[in-house]
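Okay, so here's the structure we're looking at.
So you know, we letter chains A, B, ... as the sequences are listed, proteins then strands, and number each from 1.
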2 protein chains.
Amino acid sequence: MKIGELSRRTGASIRSLRYYEAQGLIAPLRESNGYREYSPMAEDQVRTIRFYLQLGLTTEQIAGFLNCVLSRPETFCTEVLPVYESKLADIEAQIAQLKRIRDNLVDRISSFRGESEQGEGVSTRDERSERYEF
Amino acid sequence: MKIGELSRRTGASIRSLRYYEAQGLIAPLRESNGYREYSPMAEDQVRTIRFYLQLGLTTEQIAGFLNCVLSRPETFCTEVLPVYESKLADIEAQIAQLKRIRDNLVDRISSFRGESEQGEGVSTRDERSERYEF
DNA sequence: CTTGACCCTGACATTAATGGCAGGGTGTAT
DNA sequence: ATACACCCTGCCATTAATGTCAGGGTCAAG
């Protein structure tokens, strides 16, 4: 199939499909006129790429294990686990940082509410940690 | 004081101090030689700017209420609350999204652990599409 | 008068995936 | 042959604050 059809089938823009190729994630054949010709398997391949992108992995990381996971179960690919673990650490750190900012914002917002009557920051902290715990 | 000293006192790089000025957050006088001359109050002003930046607000948002909060308690500045609330909504959404990704990663990581004892993955396809769910 | 520590402006780079345009070729149906 | 849908490459833009040059003034001390 040609790039337009693959785009329609996968939801990836034509621009993105060309980008994945430039990043070495997919290698369509070329017809004599220069058009890309994708095999039917490309559809699954693109969906797999997009899934890993949604997990926040980079094209470079995906390139490191894509061939493996396309041909066998993910759990057989030893390259995948460290990538997951490193990404997970990133995510946890980001969440922690965002939580700090959020708590600060919540404090400051609640001090606006308190300002119209009297007492300042009551013991919002306990309520907050309950509500936001996860 | 000149820009180098203000930088040392506040921890903001010289580049950043110039940037804050370009964004309309601070307006030092100019000496006849073109050098910026900052009043002593600028030190507090820069610290205030940096604090709001740490909360994730943009220079544009900060510009919208900086004059007010510099001259009276924050809770008297009605421009601030909606900015906080909007930022808080962003943060909550980001946290929720990161949590989804994290949960997915945790699942996938734990499936590696289980795989060492379990039988093979016969149908790679089905497993993968199941786990693709967010 | 030179050195060295300051200061100035302006411009480009950074990150990563994607959008979008310009300028052009291909293929098919009318 | 002409319209139209499709494809190609290459390039610039995006976000927002900051880093980092280049090329050049200012000024005090020696």
Side-chain angles (χ1 to χ4, degrees), chain A residues 1-38 42 45-64 66 83 86-87 90-91 93-94 97-98 101, chain B residues 1-38 42 45-64 66 83 86-87 90-91 93-94 97-98 101:
Chain A
M1 84 192 82
K2 292 203 284 298
I3 198 170
E5 188 181 351
L6 183 60
S7 171
R8 251 172 275 117
R9 286 183 190 239
T10 60
S13 72
I14 290 176
R15 178 68 180 83
S16 294
L17 293 175
R18 296 199 185 113
Y19 179 70
Y20 301 156
E21 180 178 352
Q23 300 309 111
L25 294 178
I26 191 167
L29 299 175
R30 293 302 181 116
E31 288 173 341
S32 54
N33 55 17
Y35 288 12
R36 291 168 179 83
E37 178 62 30
Y38 293 91
Q45 186 165 352
V46 170
R47 275 195 252 273
T48 302
I49 292 167
R50 307 202 84 205
F51 169 75
Y52 287 119
L53 285 174
Q54 280 185 345
L55 280 187
L57 306 187
T58 67
T59 53
E60 192 183 357
Q61 291 174 316
I62 297 169
L66 184 62
V83 174
S86 144
K87 184 66 193 178
D90 288 355
I91 299 266
Q94 283 178 61
Q97 170 69 4
L98 287 174
I101 295 172
Chain B
M1 84 192 81
K2 292 203 284 298
I3 198 169
E5 188 181 350
L6 183 60
S7 170
R8 251 172 274 120
R9 286 183 190 237
T10 59
S13 71
I14 290 177
R15 178 68 179 83
S16 293
L17 293 175
R18 294 200 186 114
Y19 178 71
Y20 301 157
E21 180 178 352
Q23 300 308 113
L25 293 178
I26 191 167
L29 298 176
R30 295 301 182 115
E31 287 173 341
S32 54
N33 57 15
Y35 289 12
R36 290 167 179 83
E37 177 62 31
Y38 292 90
Q45 187 164 352
V46 169
R47 275 196 249 274
T48 303
I49 292 167
R50 306 202 87 206
F51 168 75
Y52 287 120
L53 284 175
Q54 279 186 344
L55 281 187
L57 306 187
T58 67
T59 53
E60 191 183 359
Q61 291 174 317
I62 297 168
L66 183 62
V83 175
S86 143
K87 184 66 193 177
D90 288 354
I91 300 267
Q94 284 179 60
Q97 170 68 6
L98 288 176
I101 294 173

Step-by-step side chain to side chain contact (heavy atoms under 4.5 Å, CB included) determination, Arg18(A) to Ile3(A) | CA-CA 9 Å; Arg18(A) 296 199 185 113; Ile3(A) 198 170; 3.7 Å; yes
Please report the C-alpha distance between Gln97(A) and Ile101(A) in whole Å, then the side-chain angles of each, then the deciding distance to 0.1 Å, and finally whether the side chain to side chain contact (heavy atoms under 4.5 Å, CB included) criterion is met.
-> CA-CA 6 Å; Gln97(A) 170 69 4; Ile101(A) 295 172; 3.8 Å; yes
Residue pair Leu57(B), Lys87(B): steps toward the side chain to side chain contact (heavy atoms under 4.5 Å, CB included) verdict = CA-CA 7 Å; Leu57(B) 306 187; Lys87(B) 184 66 193 177; 3.8 Å; yes
Give the C-alpha distance, both sets of side-chain angles, the deciding distance and a yes or no for side chain to side chain contact (heavy atoms under 4.5 Å, CB included) between Val46(A) and Tyr38(A).
-> CA-CA 11 Å; Val46(A) 170; Tyr38(A) 293 91; 5.9 Å; no
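Between Glu31(B) atom CD and dC6(C) atom C1' there is a gap of 12 Å when expressed in whole angstrom units. Separating the CD atom of Glu60(B) from the P atom of dT15(D) is a distance of 12 Å, rounded to the nearest angstrom. The interatomic distance linking Leu17(A) (CG) with dG19(C) (C1') rounds to 14 Å, in whole Å. Distance Leu55(B) CG to dA17(D) P: 13 Å, rounded to the nearest Å. Atom CD1 in Ile49(B) sits about 15 Å away from atom C1' in dT18(D), given to the nearest Å. Between the CZ atom of Arg15(A) and the C1' atom of dT9(D) there is a distance of 11 Å, rounded to whole Å. What separates CZ of Arg18(A) from P of dG20(C) is a distance of 14 Å, to the nearest Å. Between the P atom of dT15(C) and the CD atom of Gln23(A) lies a distance of 13 Å, rounded to the nearest Å.
Side-chain nitrogen and oxygen atoms of Arg30(A) include at least one within less than 4.0 Å of the OP1 or OP2 phosphate oxygen of dT9(D). Contact check, Asn33(B) against dG25(D): no side-chain N or O comes under 4.0 Å of OP1 or OP2. Between Tyr19(B) and dA17(D) there is a side-chain polar atom (N or O) within less than 4.0 angstrom of OP1 or OP2. The shortest distance between the side-chain N/O atoms of Ser16(B) and the OP1/OP2 oxygens of dA17(D) is not below 4.0 Å. For Tyr20(B), no side-chain nitrogen or oxygen approaches OP1 or OP2 of dA17(D) to under 4.0 Å. A close approach under 4.0 Å does not occur between any side-chain nitrogen or oxygen of Thr59(B) and OP1 or OP2 of dA16(D).
Among the nucleotides dT18(D), dC7(D), dC7(C), the one closest to the side chain of Ile3(B) is dC7(C). For Arg50(B), counting side-chain heavy atoms from C-beta on, the closest listed nucleotide (dT9(D), dG19(C), dT18(D)) is dT18(D).
Between the Thr10(A) side chain and the Arg47(A) main chain, no donor and acceptor come within less than 3.5 Å of each other.
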Which pairs would a plain distance check flag for residues 24-37 of chain A, meaning a side-chain donor or acceptor within less than 3.5 Å of a matching protein atom at least two apart in sequence or in another chain?
from, atom 1, to, atom 2, distance (Å)
Arg30(A), NH1, Gly34(A), O, 3.0
Arg30(A), NH2, Glu21(A), OE2, 3.1
Asn33(A), OD1, Tyr35(A), N, 2.9
Arg36(A), NE, Glu21(A), OE1, 2.5
Glu37(A), OE2, Met1(A), N, 2.5

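Note that CD1 of Ile62(A) and CD1 of Ile49(A) are 7.0 Å apart. Values are rounded to the nearest 0.5 Å. If you take CD1 on Ile14(B) and NZ on Lys2(B), they are separated by 11.5 Å, rounding to the nearest 0.5 Å.
For the C1' atoms, the distance linking dT15(D) with dT9(C) amounts to 24 Å, nearest Å. When the P atom is compared between dA16(C) and dG10(D), the two are found 23 Å apart, to the nearest whole Å.
Each of Glu5(B) and Thr58(A) was matched to the nucleotide of DNA chain C holding its nearest heavy atom; the match closer to the 5' end belongs to Glu5(B).
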Dot-bracket for DNA chain C, 5' to 3', Watson-Crick and G-U pairs with both distances under 3.5 Å, [ ] for crossing pairs, | for partner on another strand, reads ||||||||||||||..||||||||||||||
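Using a 4.0 Å heavy-atom distance criterion, Arg36(B) is classed as a sugar-phosphate-only contact.
One cannot find a donor-acceptor pair under 3.5 Å joining the base of dG27(C) and the side-chain atoms of Tyr35(A).
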